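These notes are about the structure you will find just below.
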Amino acid sequence: MLTVPYLRDQKEEALKRLSIKNFNNTALVDEILMMDEERRQAQQENDETLAEMNNIAKEIGILFKSGQAGQADALKNRNIALKDKSKTLSERINNLKDNIQAKLVEIPNVPHLTVPRGRVAADNEIVATAGTMPHLIEGAQPHWDLISRFDLVDFDLGNKVTGAGFPFYKGKGARLQRALINFFLDEAIAAGYLEVQPPLLVNEASAYGTGQLPDKEAQMYTANLDNLYLIPTAEVPITNMYRDVIIQEGDLPVKNVAYSNCFRREAGSWGKHVRGLNRLHQFDKVEIVQLSHPSNSYEVLEEMRAHVAGLLNKLELPYRVLKLCGGDMSFASALTYDFEVFSAAQEMWLEVSSVSNFESFQANRMKLRIKEKTGQIQLAHTLNGSALALPRIVAALLENNQTADGILIPKVLQSYTGFAKIE
RNA sequence: GGAGAGGUGGGUGAGUGGCUGAAACCAACAGUUUGCUAAACUGUCGUACUCUUACCGGGUACCGGGGGUUCGAAUCCCCCCCUCUCCGCCA
């Protein structure tokens with residue numbers, strides 16, 4: 001959520017940037033600013049009224065103490081009248097605040113100036129391509145066929161026990177996935193991230209804090225009896241650790257990494273895009289989160305981007321990096337890089353990571369602030385990225401590394417899997 | 001699930017109607033002293049909104065959340081939330 005002072009002080013700049021996200025509702029911004037003006041006037045009047053009431057109450061106290069209680073009646077009446085006035089003003093202020101808040105959450109984050117204009121995925125800018133495209137063998141199979149051939153993942157069993165999108169991983173399939181998780185965690189720890197194992201269910205306040213609520217409620221599974229939500233990503237619990245927190249400048253940067261299951265209800269499309277491991281209701285992901293000072297959050301973003309690139313390099317997967325265009329970015333992001341690996345047999349680019357700088361958009365909503373050495377307090381910047389999302393990595397590894405007699409495991413993983421080939 | 005206790009500033013914790021935005025101690029920060037470290041001493045030390053604004057300063061609100069009583073509420077009343085302890089169940 002943007003702050004009112006920002007809109008007030010830098011309205012033109014904000015609107016200019018918002019147009020990159022195809023947000024052109026100038027009237028909404030004006031309405032917010034008008035309501036805020038009104039709110040401040042009412043606030044001031046109310047504060048003055050309350051100040052007078054406080055003074056009168058003190059005078060009454062003194063009269064009582066000195067045994068002149070009889071003289072207090074006039075003052076009491078005066079205060080009763082003021083109380084009425086204050087009540088009216090308070091109600092107006094609260095109404096205005098609520099309305100401002102309601103309008104404010106409709107405005108997306110302002111994108112970074114380098115974000116390309118555009119409406120759809122095709123408008124995203126390819127900023128890097130790396131790795132070598134595999135030469136597939138004759139008769140190469142998509143991962144869903146490889147999976148059943150080597151009995152790595154059982155979708156039917158998942159259907160029986162839970163439902164579509166909840167597969168069982170078995171044998172070397174399970175082992176490969178666990179190896180990847182450990183590899184990703186170790187890499188993050190080596191890069192200075194603190195490992196955290198978060199709860200997989202969060203309360204309403206947390207879901208609101210990272211912006212799943214109120215809009216994206218349908219994305220999450222709920223535990224209705226207890227008013228809890230299954231997390232769609234570890235970003236939710238991890239970022240919420242710092243809700244209502246003021247971080248000392250000296251404690252920055254804060255770097256956390258978490259492995260978690262992720263649960264998503266989104267009833268996707270059908271066909272190739274959701275086939276096999278391409279899209280699931282429950283999947284595994286290692287997520288990196290950083291809190292940074294506003295002055296260097298874009299350096300941090302690049303550092304995180306480099307970290308993710310390093311993982312894919314080590315896994316020897318061909319990938320490309322996209323800078324998302326205004327229309328394709330998320331509501332809360334100021335700049336997002338998507339990483340896509342090429343899954344050779346299905347000939348598709350699969351998104352395996354999304355690295356974003358939210359600037360102070362989430363921090364404002366969560367009241368996550370930094371206290372500088374000078375004592376100044378300001379909103380922190382939050383950043384996060386997948387490092388990485390598991391199932392699609394598995395899909396690409398299986399497809400790209402298949403040979404006539406089995407699937408080769410990348411060298412870097414072999415100490416984690418304990419085998420070099422699936423056959 | 002049953003019974004009880006409790007939620008106060010970064011922490012511990014005092015405070016049962018006006019002198020309390022809140023004692024004291026600890027932590028933190030700044031300074032003095034010291035050859036360094038430590039110790040000691042002195043000072044600073046909540047957040048938000050708002051006015052004024054270079055700064056200083058002023059006003060208001062906030063003692064889990066919401067509502068009420070009162071001229072006046074951390075303190076009294078009502079509702080809700082949360083935490084802890086004991087019992088039960090249980091990985």
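Every value quoted in this text rests on a predicted model; they were computed, and no experiment measured them. Within every chain, numbering begins at 1; the chains are lettered A, B, ... in the order of the sequence lines, protein sequences first and strands thereafter. These numbers come from the heavy atoms of this one structure, side chains and all, not from hydrogens, waters or symmetry mates.
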Inset, instruction - Indicate whether the side chain of A:Ser333 and that of A:Thr336 have a donor and an acceptor atom separated by less than 3.5 Å. - result: yes
Inset, instruction - Give the rounded distance in Å between these two atoms: CD of A:Glu48 and P of B:A61. - result: 13 Å
Legend entry - C1' gap between B:C45 and B:A23, integer Å: 16 Å
Inset, instruction - Nearest whole angstrom, please: distance from the C1' of B:G58 to the CG of A:Asn55. - result: 13 Å
Legend entry - For atom CG of A:Asn46 and atom P of B:C49, their distance in whole Å: 17 Å
Inset, instruction - Could you let me know what B:U32 is paired to, Watson-Crick or G-U wobble, both distances under 3.5 Å, or none if it's on its own? - result: B:A40
Legend entry - Inter-nucleotide C1' distance (B:A40, B:G59), Å rounded: 41 Å
Legend entry - Who pairs with B:A24 - Watson-Crick or G-U, where each distance is under 3.5 Å: B:U12
Inset, instruction - Starting from the 5' end of RNA chain B, give me the residue, A:Asn79 or A:Asn94, whose nearest nucleotide shows up first. - result: A:Asn94
Inset, instruction - May I ask you to say what A:Ile62 touches in the nucleic acid, namely base, sugar-phosphate or nothing, with a heavy-atom cut-off under 4.0 Å? - result: nothing
Legend entry - Result of checking A:Glu187, A:Lys255, A:Gln290, A:Glu287 against A:Tyr193 for side chain to side chain donor-acceptor pair (under 3.5 Å): A:Gln290
Legend entry - Selected nucleotide, minimal atom distance to A:Leu50 side chain, candidates B:A61, B:C71, B:U47: B:A61
Legend entry - A:Arg369 vs B:A48: side-chain N/O to OP1/OP2 distance below 4.0 Å: yes
Inset, instruction - Look at all strands and tell whether A:Leu82 reaches a base, only sugar-phosphate, or nothing, counting heavy atoms closer than 4.0 Å. - result: nothing
Inset, instruction - Scan A:Lys367 against the nucleic acid and name what it touches under 4.0 Å (heavy atoms): base, sugar-phosphate only, or nothing. - result: nothing
Inset, instruction - Identify the nucleotide, in any strand shown, that forms a Watson-Crick or G-U wobble pair with B:C76, with both distances under 3.5 Å; if there is none, say none. - result: B:G68
Legend entry - Out of B:U47, B:C71, B:C49, whichever nucleotide has its closest atom nearest the side chain of A:Ile377: B:U47
Inset, instruction - Send over the distance from A:Lys83 NZ to B:G67 P, rounded to a whole Å. - result: 13 Å
Inset, instruction - Check whether any side-chain nitrogen or oxygen of A:Asn54 sits under 4.0 Å from OP1 or OP2 of B:A61, and answer yes or no. - result: yes
Legend entry - Nearest-Å distance once atom P is located in both B:U75 and B:U32: 45 Å
Legend entry - Distance test, side-chain N/O of A:Lys58 to OP1/OP2 of B:C71, below 4.0 Å: no
Inset, instruction - Mind calculating the distance between NZ (A:Lys371) and C1' (B:C29) to the nearest angstrom? - result: 10 Å
Legend entry - Spacing of the P atoms in B:C78 and B:U69 (rounded, Å): 15 Å
Inset, instruction - Sort out the partner of B:A54 for me: Watson-Crick or G-U wobble, both distances under 3.5 Å, none otherwise. - result: none
Legend entry - Distance, P atom - from B:U52 to B:A38, rounded to whole angstrom: 46 Å
Inset, instruction - Kindly indicate whether the side chain of A:Leu180, heavy atoms from C-beta on, has any atom under 4.5 Å from the side chain of A:Ile393. - result: yes
Legend entry - Between B:G66 (C1') and A:Glu91 (CD): distance, integer Å: 15 Å
Inset, instruction - Could you please name the option among B:C71, B:U50, B:G59 that lies closest to any side-chain atom of A:Asp47? - result: B:G59
Legend entry - Whole-Å P distance, B:A14 and B:G64: 14 Å
Legend entry - Options B:U70, B:U50, B:G18, nucleotide nearest the side-chain atoms of A:Arg8: B:U50
Inset, instruction - Would you verify whether the NZ or CZ of A:Arg264 falls within 45 degrees of the ring axis of A:Phe283 while also being under 6.0 Å from that six-membered ring's centre? - result: no
Inset, instruction - Could you grab the distance from atom CG of A:Leu230 to atom CD of A:Gln282, nearest 0.5 Å is fine? - result: 8.5 Å
Legend entry - Distance, C1' atom - from B:U44 to B:C49, rounded to whole angstrom: 24 Å
Legend entry - OP1 or OP2 of B:C71 under 4.0 Å from side-chain N/O of A:Arg78: no
Inset, instruction - Report the distance from atom CD1 of A:Ile80 to atom C1' of B:G68, rounded to the nearest whole Å. - result: 16 Å
Inset, instruction - Select one nucleotide: of B:U60, B:U47, B:U50, the one nearest the side-chain heavy atoms of A:Gln44. - result: B:U50
Inset, instruction - Could you please name the partner base of B:G6, counting Watson-Crick and G-U wobble pairs only when both distances are under 3.5 Å? - result: B:C82
Inset, instruction - Give a yes/no on whether any side-chain N or O of A:Lys97 is located under 4.0 angstrom from OP1 or OP2 of B:C49. - result: no
Legend entry - Nearest-angstrom distance, C1' atom, B:A73 to B:A22: 13 Å
Inset, instruction - Both distances under 3.5 Å, Watson-Crick or G-U wobble: report the partner of B:U60, or none. - result: B:A48
Inset, instruction - Apply the side-chain contact (heavy atoms from CB on, under 4.5 Å) test between A:Glu37 and each candidate in A:Arg39, A:Met34, A:Gln41; give the one that qualifies. - result: A:Gln41
Inset, instruction - On RNA chain B, check which nucleotide each of A:Gln43 and A:Lys76 is closest to and give me the residue with the more 5' one. - result: A:Gln43
Legend entry - A:Ile60 side-chain proximity, nearest of B:C71, B:G68, B:C49: B:C71
Inset, instruction - Could you tell me whether the side chains of A:Lys285 and A:Ser260 share a donor-acceptor contact shorter than 3.5 Å? - result: no
Inset, instruction - Go ahead and name the base partner of B:C89; Watson-Crick or wobble counts if both distances stay under 3.5 Å, otherwise write none. - result: none
Inset, instruction - Report yes or no: do A:Ser86 and A:Asn46 form a side-chain donor-acceptor pair below 3.5 Å? - result: yes
Inset, instruction - Mind calculating the distance between CG (A:Leu89) and P (B:G59) to the nearest angstrom? - result: 20 Å
